[in-house]
Amino acid sequence: TGQDSVAISRIRAMEDSLDAKPEQKQAQALYDVYMLYAKVHPLDSLSPEFIFRAANMKIAFGDPKAGIKLYDRIIADYPIWRKLQDTYYLKALTIDNDLHQRGAAQQAYQEVIDQFPGGRYTEEAKQMIANLQYSDEDLIKKFEAMNADSAKARETVVK
């Protein structure tokens with residue numbers, strides 16, 4: 001309807017007005033509009049996209065638990081949405097990187113693997129599960145060693 005296109009135009013204008021580093025107040029206003037649109041138009045194809053953007057905003061502004069709840073809402077309410085795979089993976093990353101809950105992160109990464117075998121994040125999810133056994137310091141040492149090995153390999157090839 002005409003009102004819907006006006007609402008979408010307003011949302012786009014609000015998105016465009018956000019700076020690279022938006023203020024909390026601006027971001028909260030856009031978050032509220034995203035969520036209101038999804039509430040008023042739950043079956044609209046833009047609703048899961050707006051909830052997804054709202055989740056990312058919550059995480060970016062330091063509320064990962066709220067972001068995860070929104071990812072869970074997308075998973076439950078929009079099971080055939082085109083970005084569902086991204087939603088599962090970002091949920092796992094958020095649990096891992098923001099909440100630092102290794103057990104829950106492992107479970108979330110496993111869901112990515114189980115739900116999307118052969119998907120674009122399957123190998124990354126497997127690697128992330130493998131890396132959960134290491135402390136941050138151990139991971140840094142592991143990556144430094146890998147970089148040193150690849151530098152040596154490059155030198156050998158160049159010679």
Side-chain angles (χ1 to χ4, degrees), residues 1-134 136 139-140 142-143 146:
T1 65
Q3 285 183 329
D4 294 347
S5 59
V6 169
I8 292 167
S9 294
R10 282 191 181 156
I11 289 170
R12 295 225 163 88
M14 290 177 79
E15 288 173 339
D16 291 344
S17 72
L18 283 182
D19 306 322
K21 289 192 155 220
E23 292 180 27
Q24 182 89 29
K25 197 172 176 181
Q26 283 179 303
Q28 184 62 47
L30 182 55
Y31 169 85
D32 292 342
V33 171
Y34 283 153
M35 297 310 294
L36 180 61
Y37 188 92
K39 182 178 181 180
V40 174
H41 307 285
L43 302 178
D44 189 298
S45 62
L46 285 173
S47 291
E49 178 67 34
F50 290 157
I51 296 169
F52 184 79
R53 292 178 190 179
N56 294 338
M57 289 175 72
K58 282 295 186 184
I59 293 162
F61 279 94
D63 193 354
K65 288 181 180 178
I68 290 167
K69 280 185 182 176
L70 292 173
Y71 289 147
D72 284 338
R73 178 175 167 189
I74 294 168
I75 290 166
D77 294 350
Y78 303 96
I80 58 169
W81 184 50
R82 63 184 176 81
K83 289 186 180 177
L84 194 62
Q85 195 172 159
D86 300 313
T87 304
Y88 272 92
Y89 189 67
L90 287 174
K91 175 186 171 184
L93 278 178
T94 303
I95 293 168
D96 188 2
N97 295 332
D98 295 301
L99 299 182
H100 309 289
Q101 296 174 348
R102 290 177 188 252
Q106 180 171 348
Q107 192 174 7
Y109 287 126
Q110 190 62 51
E111 281 183 27
V112 172
I113 296 164
D114 295 344
Q115 293 292 325
F116 307 96
R120 86 175 140 251
Y121 299 113
T122 303
E123 290 307 313
E124 286 180 50
K126 288 177 183 176
Q127 190 59 52
M128 297 303 274
I129 288 172
N131 288 338
L132 286 172
Q133 65 181 314
Y134 299 108
D136 291 344
L139 273 176
I140 290 168
K142 179 181 173 189
F143 292 132
M146 287 169 60

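Reckoned from all heavy atoms, side chains included, excluding hydrogens, waters and symmetry mates.
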Least distance between heavy atoms, L84 atom then F116 atom: C-CZ, 4.0 Å
CA sep, side-chain torsions, deciding dist, call: Y71, N56, side-chain hydrogen bond (donor to acceptor under 3.5 Å, both in side chains): CA-CA 9 Å; Y71 289 147; N56 294 338; 2.4 Å; yes
Heavy-atom donor-acceptor pair, Q133 side chain to A130 backbone, under 3.5 Å: yes
Donor-acceptor contact present, side-chain Q106 to main-chain L132, <3.5 Å: no
Gap between atom CD1 of I51 and atom OH of Y78 - 0.5 Å precision: 4.0 Å
Heavy-atom check, side chain of K58 versus side chain of Q28, under 4.5 Å: yes
Spatial distance of atom CD (Q107) from atom CZ (R102) [nearest 0.5 Å]: 16.0 Å
Contacts table for residues 87-99: side-chain donor-acceptor under 3.5 angstrom, sequence neighbours left out:
residue : atom : partner : partner atom : Å
T87     : OG1  : K83     : O            : 2.9
Y89     : OH   : E124    : OE1          : 3.0
K91     : NZ   : D72     : OD1          : 2.6
T94     : OG1  : L90     : O            : 2.7
D96     : OD2  : Y109    : OH           : 2.8

Nearest non-hydrogen partners of T122 and P117, listed with the distance: OG1-C, 4.0 Å
Point-to-point distance, once rounded to the nearest 0.5 Å, from CE of M57 to CD of Q26: 9.0 Å
Side chain to side chain, Y121 and D86, heavy atoms closer than 4.5 Å: yes
Distance in Å, Q110 CD paired with I129 CD1, rounded so as to fall on 0.5 Å steps: 4.5 Å
Minimum-distance pair of heavy atoms, taken over all atoms of A54 and M35: CB-SD, 3.7 Å
Evaluation steps, side-chain contact (heavy atoms from CB on, under 4.5 Å), between K126 and I113: CA-CA 7 Å; K126 288 177 183 176; I113 296 164; 3.5 Å; yes
Interatomic spacing from CH2 in W81 to CZ in F52 - rounded to 0.5 Å: 5.0 Å
